[in-house]
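I have placed the structure first, in the form of structure tokens, so that the comments after it can refer back to it.
Predicted, not measured: the structure shown is a model, and the values here were computed from it. When reading the values below, keep in mind they use all heavy atoms of this one structure, side chains included, and skip hydrogens, waters and symmetry mates. Naming convention: chains lettered A, B, ... in sequence-line order (proteins, then strands); numbering from 1 in each chain.
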There are 2 protein chains.
Amino acid sequence: MARRLSHPDPRAVSLAEVLSALGDPVRLRIMAVLADRREHVRGDFEVDVGPSTLSHHMKTLREAGLTYHRMDGTRCFVSLREEALERFPSVLNSVLEACATQS
Amino acid sequence: MARRLSHPDPRAVSLAEVLSALGDPVRLRIMAVLADRREHVRGDFEVDVGPSTLSHHMKTLREAGLTYHRMDGTRCFVSLREEALERFPSVLNSVLEACATQS
DNA sequence: ATCGAAGTTCGATGATTATCGATATATGGT
DNA sequence: ACCATATATCGATAATCATCGAACTTCGAT
């Protein structure tokens, strides 16, 4: 398992890339869970895809600069990235609100 | 040419579908032009793709419930759909603002 | 009646994507 | 040392997508 996962500079990510990353039901569901601004582990995301597919979606969100992944032991703790919220504040906050209430 | 183009009920479109439709540079550029809330014709969208490709993107936005297409003669007038703005108000308004300023 | 212009649709193609299972790697527990 | 757990990565596959050019349709003008 990779000990350190790469986190891009959110300023290098375009709005289209962010919206594209958010435009998927599985990833929106993940974002809805992360909307409480706390760290979460894999078991918190109730999505019906296999582990490797979930990894793929997590990678997509991470590479869009939206999430921060902290490895601790064999676990991966995931949370929203503050820098991402600062990049497109109103867009991300409204999406979080929308997907948290009625995903 | 199709005389009437179908416009879906925006309430039947999910947030993921909307964000997916918006998650493309060409379509975001179109939305940036439409952000002034006025009707526009094809020539207003300065995108460097062919006519058929532009049609494809227009169709994507229309089927996401985001745009209204009015045929007049051989011309097609496109505008934002009010119902779409009512569906996800804060999301769409913030995206419009973001892409209009720094697409 | 014919022609050109505008825009959609169709068919094809290459690129991207979502998904899975298998494999790999690191960690924690015994 | 060994084994189970958690997750990432790889390889494959099927589906979706962006793009183009060609053909088609409608309309306006000559």
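Considering only residues two or more places apart in sequence or on other chains, B:Glu39 meets the salt bridge (Lys or Arg N to Asp or Glu O under 4.0 Å) condition with B:Arg70. Taking the side-chain contact (heavy atoms from CB on, under 4.5 Å) definition, one finds that B:Ser20 meets it with nothing, sequence neighbours left out. For B:Arg81, the salt bridge (Lys or Arg N to Asp or Glu O under 4.0 Å) partners at least two apart in sequence or on another chain are B:Glu83. Not counting sequence neighbours, the partners of B:Ser90 by the side-chain contact (heavy atoms from CB on, under 4.5 Å) test are A:Ser94. For A:Ser55, the side-chain contact (heavy atoms from CB on, under 4.5 Å) test picks out A:Arg42, with sequence neighbours left out. Applying the side-chain contact (heavy atoms from CB on, under 4.5 Å) rule to B:Arg37 yields the partners B:Leu80, B:Leu85, B:Asn93, B:Leu96; only residues at least two apart in sequence or on another chain are considered. Listed by chain and number, the residues in a salt bridge (Lys or Arg N to Asp or Glu O under 4.0 Å) with A:Asp9 are A:Arg11 (sequence neighbours excluded). Residues satisfying the ring-ring contact (aromatic ring centres under 6.0 Å, His included) criterion with A:Phe45, sequence neighbours excluded, are absent altogether.
As a member of the Ile/Leu/Val/Met/Phe/Trp/Tyr network built from side-chain separations under 4.5 Å, A:Phe77 groups with A:Val41.
The main-chain N or O of B:Val33 is found under 3.5 Å from a side-chain atom of B:His40 such that the two form a donor-acceptor pair.
When the P atom of D:dT25 is taken as reference, atom CG of B:Leu5 falls 16 Å away, rounded to whole Å. Rounded to a whole Å, the NE2 atom of A:His7 is 13 Å from the C1' atom of D:dA8. B:Arg4 has its CZ atom 14 Å from the P atom of C:dT9, to the nearest Å. In this structure, the CG atom of B:Leu61 is 16 Å from the C1' atom of C:dT8, given to the nearest Å. Atoms NZ (B:Lys59) and C1' (D:dT16) sit 14 Å apart, rounded to a whole Å. The distance from atom CG of B:Asp24 to atom C1' of C:dT17 is 14 Å, rounded to the nearest whole Å. Here the P atom of nucleotide C:dA18 and the CE atom of A:Met58 are 15 Å apart, to the nearest Å. In this structure, the CZ atom of A:Arg29 is 17 Å from the P atom of C:dA18, given to the nearest Å.
When hydrophobic clusters are built by joining Ile, Leu, Val, Met, Phe, Trp and Tyr residues whose side-chain heavy atoms come closer than 4.5 Å, directly or via intermediates, B:Leu92 is grouped together with A:Leu15.
Looking at residues 66-81 of chain A, you'll see A:Thr74, A:Arg75, A:Cys76 sit with a heavy atom under 4.0 Å from some atom of DNA chain D. Interface residues of residues 37-46 of chain B facing DNA chain D, ordered by number: none; criterion, heavy-atom separation under 4.0 Å.
Regarding contacts with the backbone of C:dT9, every side-chain N or O of B:His56 stays at 4.0 angstrom or more from both OP1 and OP2.
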Close N or O pairs between protein and nucleotides 20-24 of chain C (under 3.5 Å):
residue : atom : partner : partner atom : Å
C:dC20  : OP2  : A:Gly50 : N            : 2.9
C:dC20  : OP2  : A:Thr53 : OG1          : 2.9
C:dG21  : N7   : A:Ser52 : OG           : 3.4
C:dG21  : O6   : A:Ser52 : OG           : 3.2

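Distances were taken from every side-chain heavy atom of A:Arg27 (C-beta onward) to each of C:dA18, D:dT7, C:dT9; the shortest belongs to C:dA18.
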